[in-house]
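Residue numbers start from 1 in every chain, and the chains themselves are labelled A, B, ... in the order their sequence lines are given, proteins ahead of strands. Computed from a predicted model, the values in this text were never measured in an experiment.
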Amino acid sequence: MSDERETYDTAATETKWRAVWDDLQPFRADDDSPREKKYALTMFPYPSGDLHMGHAEVTALHDVVARYWWQKGYEVLNPMGWDSFGLPAENAAIRNDAHPADYTYGNIATQLESFQRYGVSFDWSRRFNTSDPSYYKWTQWLFLKFHEKGLAYRKNSPVNWCPNDQTVLANEQVVDGTCERCGAEVTKRELTQWYFRTTAYAQELLDCLDDLQPTWSDKVVNSQRHWIGRSEGAHVDFVVAGREEPITVYTTRPDTIFGTTFMVVAVDSALASDLVTDERRTEFEAYREEVRKETEIERLSTARPKTGVDLGVTATNPVTGQQMPVWATDYVLADYGTGAVMGVPGGDQRDWEFATVMGLPIVRTTQPPADFEGEAFSGEGPAINSPAEGESAPLDINGLAVAEAKSTTIAFLEEQGLGRGTVNFRLRDWLLSRQRYWGAPIPIIHCPVDGEVPVPEDQLPVELPELRGADLKPKGTSPLGGAAEWVDVACPTCGGPAKRDTDTMDTFVDSSWYFFRYVSPHDDTQAFDKGLADAWGPVDLYVGGDEHAVLHLLYARFFTKALRDMGLVSWDEPFSSYLSQGKVINNGRKMSKSLGNGVSLGDQLEEFGVDAVRLTLVFASPPEDNIDWADVSPGGSVRFLQRAWRLSGDVTSEPGVDPSAGDTALRKVTHKTLHEAETLVESHRFNVMVARTMELVNATRKAIDSGPGGSDPAVREAVEAVAILLSLVAPYTAEEMWERLGHQPTVARVGWPVVDEALLVEDSVIAVVQIQGKVRARLEVSPDISEADLEAAAMADAGVVRAIDGRPVRKVVVRAPKLVNIVV
RNA sequence: GCCCCGGUACUCCAAUGGCAGAGAGAGUGGUCUCAAACACCAUCCAGUGUGAGUUCGAAUCUCACCCGGGGCACCA
């Protein structure tokens with residue numbers, strides 16, 4: 001009985017096995033291995049403080065697969081590093097009169113220690129930090145490649161501005177009108193900034209989502225589709241009186257052109273200030289000033305009334321010949337389509353509201369259903385007033401359904417040279433420059449003579465000047481501008497006085513290519529080795545959180561395609577499959593300091609041990625679901641692991657004993673479990689895999705206590721299988737068991753047991769006999785019974801005969817060997 | 001407003017057209033213990049959000065609605 005209470009000391013085993021693993025290095029990825037290669041990747045962390053529950057979950061899940069691949073005989077690349085540029089370090093440096101590197105590298109050391117304690121199968125020999133000059137040298141090199149190909153360029157345009165962080169933001173970093181990072185309300189500024197031409201790949205980024213759909217979460221694919229936002233429509237030219245250039249608008253409803261009664265252009269567009277007449281200029285500029293002061297939140301509010309200014313010019317409707325006023329407004333976006341829209345109040349609710357406020361005419365061009373009660377009608381219906389009754393026009397689409405009306409109109413416009421069918425995307429180019437210090441400097445020199453001059457490759461990296469503390473205070477322009485001796489350089493082309501670009505790159509640039517760098521992390525002659533990239537990649541499994549659904553994941557896809565077109569890699573897509581893990585929450589709410597419901601990973605590890613915490617996170621739910629820490633039981637995990645471990649002490653046979661002489665019933669459970677576990681891991685149903693392992697433990701316990709006993713070879717086989725299954729989730733316990741079973745370390749690399757197919761076949765199965773879909777009898781039959789035999793057996797069963805009760809049998813459905821359904 | 005995902009015992013979750021329960025937690029009762037913890041045994045607990053449909057048969061497929069989570073949102 002005392003054996004049953006035996007336990008092992010988790011803290012001691014953690015220390016013990018870490019030393020062994022450090023020595024054996026079981027997870028070093030060998031570039032030259034003849035084994036088939038797999039690339040497993042988890043989003044690398046930003047080094048803010050220590051690791052938290054979220055890191056623990058994502059790495060535990062990801063490690064199941066990485067370790068499974070090793071066991072299955074693959075050579076696995078499973079690297080880890082740090083996404084170590086970013087604002088928190090800079091803000092900490094300002095607070096503490098320090099250098100951002102102090103904060104950054106201190107936290108990296110802390111997190112590295114935690115990762116190692118956590119027992120993840122990372123290949124630490126490949127680690128790097130994106131803030132290392134040896135890494136950002138290549139970030140800069142890639143920027144120059146993009147620049148060379150016209151994929152990185154500067155333009156002046158209204159941009160998102162975070163007043164708190166004092167820097168510009170990419171579209172993707174503005175969430176509900178607020179800064180994704182700090183929550184401040186975003187405003188607009190007109191600035192010259194650097195962009196990546198993501199829109200050049202809009203169509204391909206969209207098309208490839210079809211291929212990713214089966215192996216990526218629906219959520220992420222759906223979000224990206226929305227974000228890219230393809231729409232089909234037309235460009236239409238409207239002639240403006242007294243102006244050579246027409247106003248070109250983008251519309252998805254060219255068929256409603258007859259209902260155009262005014263034009264609207266974005267107030268903050270160059271077009272608006274170009275069009276406005278002198279008489280209207282004062283009014284226009286006052287309005288524009290008012291709009292500029294608005295925050296994004298105010299602008300996005302759909303409830304507030306429409307505003308605008310008449311620009312004093314008129315345009316001609318090309319199909320009706322009507323003269324229409326041209327207005328400037330803030331409800332048209334400067335950076336979508338052409339920044340100008342044809343106002344069709346009958347078919348567009350926003351135009352309806354505008355027309356109502358401004359007293360402009362409203363014409364319907366689509367016949368709404370009789371019971372339609374809304375204002376503008378944008379649904380299906382026959383075209384009307386195209387042209388209006390009694391009027392003639394060069395085009396007549398009356399009576400046509402929307403799709404036909406559209407195509408007919410486009411054909412007409414093209415024929416007349418007044419417009420053309422076109423495709424438009426919601427996706428904008430990626431604004432990548434930032435007015436902050438702790439990032440990769442943009443390797444461009446601005447010369448009054450030669451313009452934008454790339455820093456010559458042999459002068460990379462452009463290292464950050466040493467700035468600290470108050471030097472880094474945000475002031476709306478980059479802190480790098482304050483380092484005069486760094487800014488002033490000779491132009492590489494003419495040798496004359498020139499200045500370095502003082503902006504740094506968005507940190508998402510760093511993480512857009514880090515998965516390439518892992519294949520040759522120490523190569524100082526190139527960003528990464530193409531041969532190794534093609535050998536290891538693309539990433540077979542990427543695990544991370546949904547918060548990056550349209551940020552990192554889209555940028556990384558864009559980078560991969562651009563790099564491919566430069567001939568640097570052969571992949572089309574970076575991540576063959578993507579698993580998005582849920583969040584760890586507590587008591588139904590996100591963990592946060594203000595709610596006081598935070599759970600410290602360190603405390604949990606202290607209390608329950610690494611293995612129990614990992615097991616709890618893997619077992620709690622399907623990986624995509626959130627885990628509420630209040631719903632789970634790390635204590636239960638501890639008990640299970642002890643119970644599993646205790647099995648290894650009850651095995652009395654010697655290592656290497658032939659299991660084929662052992663108890664068949666237990667062997668069947670073992671082999672069935674191993675077989676199912678393969679499918680379950682491969683389909684990422686780790687929680688069920690753990691449940692199957694628990695069943696095997698329970699069955700083995702029974703076999704030892706009230707079955708063939710601990711000396712039976714089948715018991716050894718079963719317990720070894722448990723150790724191997726647990727090696728995916730609870731590496732310390734698995735090693736302890738393996739050692740106790742008389743083996744040498746490490747269980748992590750012993751290989752997946754060969755499943756004996758013969759043991760997967762049942763001798764007999766229970767067939768269910770249903771009458772009217774209700775179970776009336778169970779028959780024990782051979783698994784390969786024929787349908788005819790099974791039907792005969794069912795009809796002969798006394799219980800069945802009684803249940804039929806002499807009624808005529810209308811139909812018999814037989815699904816051998818599991819089921820017979822009799823319909824009377 | 002549009003789009004995506006999900007609703008199964010007290011709780012977390014299994015069951016991929018075929019017996020609703022694999023696994024776990026909590027509860028209750030017991031064995032063990034001086035006692036507790038651990039361990040072990042037993043036990044309580046749902047007809048699958050609601051309504052209709054398809055089918056011999058539906059948690060599973062279809063439609064509508066309700067609830068929850070997420071994405072987009074003045075994108076013309």
Side-chain angles (χ1 to χ4, degrees), chain A residues 1-7 175-177 217-227 229 231 233 249-253 256 264 266 299-304 306 329-333 335-344 347-351 353-354 378 424-428 546-547 549-550 580 582 615-616 619-622 624-628 630-640 642-643 646 676 683 685 687-695 697-698 701 705 766-778 810-815 818-824:
Chain A
M1 274 300 113
S2 66
D3 270 1
E4 278 184 2
R5 284 127 197 248
E6 196 182 2
T7 58
V175 179
D176 292 334
S217 76
D218 286 346
K219 220 170 165 179
V220 173
V221 171
N222 190 253
S223 299
Q224 291 210 2
R225 278 219 177 92
H226 262 274
W227 193 260
S231 69
V249 302
Y250 173 70
T251 177
T252 56
R253 290 294 300 274
T256 64
V264 254
R299 202 187 63 77
L300 289 174
S301 164
T302 46
R304 69 193 184 127
K306 296 278 183 283
T329 179
D330 65 345
Y331 83 86
V332 173
L333 306 175
D335 57 352
Y336 179 77
T338 59
V341 167
M342 58 188 212
V344 188
D348 183 284
Q349 186 60 29
R350 296 155 299 184
D351 295 342
E353 287 163 16
F354 189 79
S378 58
N424 203 37
F425 294 93
R426 237 181 49 99
L427 181 74
R428 312 296 209 276
D546 286 338
E547 64 273 19
V550 290
S580 59
L615 181 80
T616 303
F619 180 56
S621 70
E624 303 83 357
D625 291 3
N626 287 346
I627 296 173
D628 193 329
D631 288 335
V632 298
S633 169
S637 298
V638 172
R639 292 199 293 274
F640 165 71
Q642 295 285 358
R643 207 158 64 232
R646 226 173 278 122
E676 277 187 49
S683 52
R685 291 154 71 212
N687 55 326
V688 185
M689 186 274 285
V690 171
R692 295 283 173 270
T693 306
M694 289 172 168
E695 284 178 69
V697 167
N698 293 344
R701 182 82 258 160
D705 291 347
I766 302 295
V768 174
V769 185
Q770 299 177 332
I771 290 160
Q772 313 292 67
K774 293 221 161 42
V775 179
R776 297 296 186 199
R778 288 158 215 276
R810 291 198 318 180
K811 185 169 181 180
V812 181
V813 180
V814 185
R815 292 285 178 274
K818 291 173 74 178
L819 175 130
V820 180
N821 190 17
I822 299 164
V823 187
V824 296

Counting the atoms with a prime plus P, OP1 and OP2 as sugar-phosphate, which does [X] contact under 4.0 Å by heavy atoms, base, sugar-phosphate, or nothing?
X        : value
A:Glu624 : nothing
A:Asp335 : nothing
A:Phe425 : nothing
A:Val632 : nothing
A:Asn698 : sugar-phosphate
A:Val332 : base

Spacing between [X] atom [atom1] and [N] atom [atom2], to the nearest angstrom:
X        : N     : atom1 : atom2 : value
A:Leu819 : B:A58 : CG    : P     : 12 Å
A:Glu547 : B:G69 : CD    : P     : 18 Å
A:Glu695 : B:A15 : CD    : C1'   : 12 Å
A:Lys811 : B:G57 : NZ    : C1'   : 10 Å
A:Met694 : B:C13 : CE    : P     : 15 Å
A:Asp631 : B:U11 : CG    : C1'   : 6 Å
A:Arg639 : B:G25 : CZ    : C1'   : 8 Å
A:Glu676 : B:U16 : CD    : C1'   : 14 Å

#### Entry: Polar side-chain atom of A:Gln224 near backbone of A:Ala549 as donor-acceptor pair, under 3.5 Å
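Side chain of A:Gln224 to backbone of A:Ala549: a pair is present.
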#### Entry: Any donor-acceptor N/O pair, A:Asp351 side chain to A:Val344 backbone, under 3.5 Å
yes
Using a cut-off of less than 4.0 Å, is there contact between a side-chain N or O of [X] and OP1 or OP2 of [N]?
X        : N     : value
A:Asn626 : B:C12 : no
A:Asn424 : B:A76 : no
A:Lys818 : B:G18 : no
A:Arg701 : B:A39 : no
A:Arg643 : B:C40 : yes
A:Tyr336 : B:A76 : yes
A:Ser231 : B:A76 : yes

### Message
Between A:Arg225 and A:Asp218, does the salt bridge (charged side-chain N to carboxylate O under 4.0 Å, His left out) criterion hold? Intermediate values first, please.
### Response
CA-CA 10 Å; A:Arg225 278 219 177 92; A:Asp218 286 346; over 6 Å; no
Atom [atom1], compared across [N] and [M]: separation rounded to whole Å:
N     : M     : atom1 : result
B:C66 : B:U50 : P     : 15 Å
B:G6  : B:U62 : P     : 11 Å
B:A24 : B:U8  : C1'   : 16 Å
B:C45 : B:C13 : C1'   : 15 Å

### Message
Can you tell me if A:Asp176 has over 12 outside heavy atoms packed within less than 6.0 Å of its CG?
### Response
no
Base partner of [N], which must satisfy Watson-Crick or wobble distances under 3.5 Å:
N     : answer
B:C63 : B:G51
B:C2  : B:G71
B:U33 : none

[X] has a side chain; which of [options] sits nearest to it?
X        : options             : result
A:Arg426 : B:G71, B:A39, B:C72 : B:C72
A:Lys306 : B:C13, B:C74, B:C72 : B:C74
A:Ser633 : B:G25, B:C3, B:C13  : B:G25
A:Asp218 : B:C72, B:C5, B:U11  : B:C5
A:Val550 : B:A22, B:C72, B:A14 : B:C72
A:Arg815 : B:C74, B:A73, B:G18 : B:G18
A:Asp625 : B:A76, B:A15, B:C13 : B:C13
A:Arg646 : B:A14, B:C72, B:C38 : B:C38
A:Thr251 : B:G23, B:C72, B:A76 : B:A76

#### Entry: Which residue lies more 5' along RNA chain B, comparing A:His226 with A:Gly339 via nearest heavy atoms
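Residue closer to the 5' terminus by nearest nucleotide: A:His226.
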### Query
How do A:Asp546 and A:Pro622 order along RNA chain B: which one's closest nucleotide is nearer the 5' end?
A:Pro622
### Query
With the threshold set at 4.0 Å, does a side-chain nitrogen-carboxylate oxygen contact exist between A:Asp335 and A:Arg426?
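Salt bridge: no.
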### Task
Quick one: sort the A:Phe354 and A:Tyr331 rings into parallel, tilted or perpendicular, breaks at 30° and 60°.
tilted
### Message
Syn or anti for B:G25? Use the chi torsion, O4'-C1'-N9-C4 for purines and O4'-C1'-N1-C2 for pyrimidines, with syn inside 90° of 0.
### Response
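Classified anti.
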### Message
Any heavy-atom pair between the side chains of A:Leu819 and A:Gln770 that's under 4.5 Å?
### Response
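SC-SC contact between A:Gln770 and A:Leu819 confirmed.
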### Query
Would A:Ser231 and A:Asn424 count as having a side-chain donor-acceptor pair, cut-off 3.5 Å?
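No, A:Asn424 and A:Ser231 have no side-chain donor paired with an acceptor closer than 3.5 Å.
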